[in-house]
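Just so we're clear, the structure is a prediction, and the values are computed from it rather than from any experiment. Numbered from 1 within each chain, the chains take letters A, B, ... in sequence-line order.
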Amino acid sequence: MRNVNQAIKLLQDMEKGNHKPGIVMYSAIIGGLCKDEQIDTAQNLFKEMICKGVVPDVITYTSIIRGVCSLGMWKDAESYFQNMVNFGISPNVVTFSIMIDALCKDGKTEKAQTLFQLMSTRGVQPDVVTYNSWIDGLCNSDQREEATKLFYQMIGRGISPDVFTFNILIGVICKEGMVEKAQKLFDLMIQRGVKPGTIIYSALMNGYCLQNQMDEVTKVLHSMVVRRCGLCNVRRVTKVQELLKEMQARGPSPNVYTYSILLNGLFKNDSYEEAMRVFEEMENDGLKENIVTYNTVIDNMCKANNLDEANKLFDSLPSKSLKCDTMIFNIMIKNF
DNA sequence: ATAGGGTTAG
């Protein structure tokens, strides 16, 4: 559904020409309106289709439930849900997943838990998407241990975690400073044939940086290259910036986050020279640095007493069409 | 012509 308004016009044309739009047509438009946050129009069309004798099915209900849920209209969600059940249309795994996800994102973890249990009661089995939403919700309400339990529960039930699951868990665990645990999950991920991308590698690097284990960061970078193209073709390189070059060429590519994480880690671990080399590498890479990157570099230039260089870099920001934010002004004011 | 999920940096 690329253009809802056009679709609505089509709907009206059909009716003028004595063609009856069917359930698929209505569901598609209602779904499109919901994605456009035109919830009133969607609800009206929903009523209208019923008046015209077109009976909504599980997809129509799920679409409109998604629409009201995403706007936090829980009363409406509940009544649509109740309605469909009363009409003998069973909510399926998608219906439940959408509601659980929306509830979690709104911080209503307990309500989500109730639904998670309700679906089992109704004989609807959660799938990988349901688990991911629920695991994410638990992580965001500081119940990471419980989330880990759910992770093993899903494996026990024969539902394979995918790259979404690992992104959620590895990211959280790294931030908690338990990088060893994250590394174990990473190993499990590889063992289960789930392919890590740039984000997982960046998150792991961040985890090791936080623990000041810069040797391990280099290993992560190395495995990023190796895993993609096979051990035999890769030189055993130890220098971070050489590894970055390799990654750029053959691995999941480093992005601006990867670089910023690395820069920050190197600065914090007294590798000023190496950090500056990585920074140059980044500029040559054609990657668009952002204000966070410059922030890190300028801050550390100041700390190393290279005030002239810091000033020069700061002055160059407008020519790179980068907008300064509060943090960078604070750094500049503090140091000059 | 119809419905669902995630993530990394100062």
I need the full list of ring pair (Phe, Tyr, Trp, His ring centres under 6.0 Å) pairs touching residues 284-336 of chain A, with sequence neighbours left out, sorted by first then second residue.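 For residues 284-336 of chain A, and leaving out neighbouring residues, the ring pair (Phe, Tyr, Trp, His ring centres under 6.0 Å) pairs sorted by first residue read A:F279-A:Y294.
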Closest to side chain of [X], choosing from [options]:
X: A:I199; options: B:dG4, B:dA9, B:dT7; answer: B:dT7
X: A:V24; options: B:dT8, B:dT2, B:dT7; answer: B:dT2
X: A:V256; options: B:dA3, B:dA9, B:dG4; answer: B:dA9

Pick base, sugar-phosphate or nothing for [X], based on heavy-atom distances below 4.0 Å to the nucleic acid.
X: A:D325; answer: base
X: A:V172; answer: nothing
X: A:L10; answer: base
X: A:T130; answer: base

Ignoring hydrogens and angles, state whether a donor on the side chain of [X] or [Y] is under 3.5 Å from an acceptor on the partner side chain.
X: A:T41; Y: A:N44; value: no
X: A:Q183; Y: A:Y208; value: yes
X: A:D76; Y: A:S79; value: no
X: A:T296; Y: A:D299; value: no

When the aromatic ring centroids of A:Y201 and A:F186 are compared, is their separation below 6.0 Å?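 Distance test on ring centres: under 6.0 Å, yes.
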Between A:K35 and B:dT2, is there a contact of a side-chain N or O with OP1 or OP2 at under 4.0 Å?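 For B:dT2, neither OP1 nor OP2 has a side-chain N or O of A:K35 closer than 4.0 Å.
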Output the rounded distance in Å from [atom1] ([X]) to [atom2] ([N]).
X: A:N255; N: B:dA9; atom1: CG; atom2: P; answer: 11 Å
X: A:N140; N: B:dT7; atom1: CG; atom2: C1'; answer: 11 Å
X: A:F186; N: B:dT8; atom1: CZ; atom2: C1'; answer: 14 Å
X: A:I23; N: B:dA1; atom1: CD1; atom2: P; answer: 15 Å
X: A:I159; N: B:dG4; atom1: CD1; atom2: P; answer: 20 Å
X: A:K9; N: B:dA1; atom1: NZ; atom2: P; answer: 20 Å
X: A:L33; N: B:dT2; atom1: CG; atom2: P; answer: 16 Å
X: A:Y259; N: B:dT8; atom1: OH; atom2: C1'; answer: 15 Å

Counting only non-hydrogen atoms, which of [range] are less than 4.0 Å from DNA chain B?
range: residues 149-158 of chain A; value: none
range: residues 67-101 of chain A; value: A:N92, A:V93, A:V94, A:S97, A:I98, A:D101
range: residues 261-272 of chain A; value: A:I261, A:N264

Are any of the side-chain nitrogens in A:K312 or A:D308 under 4.0 Å away from the carboxylate oxygens of its partner?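 Between A:D308 and A:K312 there is no salt bridge, as every charged N stays at least 4.0 Å from the carboxylate O atoms.
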Lys/Arg-Asp/Glu bridge criterion (N-O < 4.0 Å) met for A:K75, A:E78: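 No, this pair does not count.
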Assess the residue pair A:R66 and A:S70 against the criterion (side-chain hydrogen bond (donor to acceptor under 3.5 Å, both in side chains)); give the C-alpha distance rounded to whole Å, side-chain angles, the decisive distance to 0.1 Å, and a yes or no. CA-CA 6 Å; A:R66 180 179 193 266; A:S70 67; 6.0 Å; no
Which atom pairs, one a donor and one an acceptor, fall under 3.5 Å between side chains of residues 153-162 of chain A and the rest of the protein, sequence neighbours left out?
residue: A:Q153; atom: OE1; partner: A:Y131; partner atom: OH; Å: 2.6
residue: A:R157; atom: NH1; partner: A:Y131; partner atom: OH; Å: 3.0
residue: A:S160; atom: OG; partner: A:R192; partner atom: NH2; Å: 3.2
residue: A:D162; atom: OD1; partner: A:N132; partner atom: ND2; Å: 3.2
residue: A:D162; atom: OD1; partner: A:F164; partner atom: N; Å: 3.1
residue: A:D162; atom: OD1; partner: A:T165; partner atom: N; Å: 3.2
residue: A:D162; atom: OD1; partner: A:T165; partner atom: OG1; Å: 3.0

Side-chain donor-acceptor distances from residues 52-64 of chain A under 3.5 Å, at least two apart:
residue: A:K52; atom: NZ; partner: A:E15; partner atom: OE2; Å: 2.8
residue: A:K52; atom: NZ; partner: A:E48; partner atom: OE2; Å: 3.1
residue: A:D57; atom: OD1; partner: A:I59; partner atom: N; Å: 3.0
residue: A:D57; atom: OD1; partner: A:T60; partner atom: N; Å: 3.0
residue: A:D57; atom: OD1; partner: A:T60; partner atom: OG1; Å: 2.8
residue: A:T60; atom: OG1; partner: A:S27; partner atom: OG; Å: 2.9
residue: A:T60; atom: OG1; partner: A:D57; partner atom: N; Å: 3.1
residue: A:T62; atom: OG1; partner: A:V58; partner atom: O; Å: 2.6
residue: A:T62; atom: OG1; partner: A:T95; partner atom: OG1; Å: 3.0
residue: A:S63; atom: OG; partner: A:I59; partner atom: O; Å: 2.8

Where A:L169 and A:L185 come nearest, the two heavy atoms and their spacing: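 Minimum heavy-atom separation between A:L169 and A:L185: CB-CD1, 3.8 Å.
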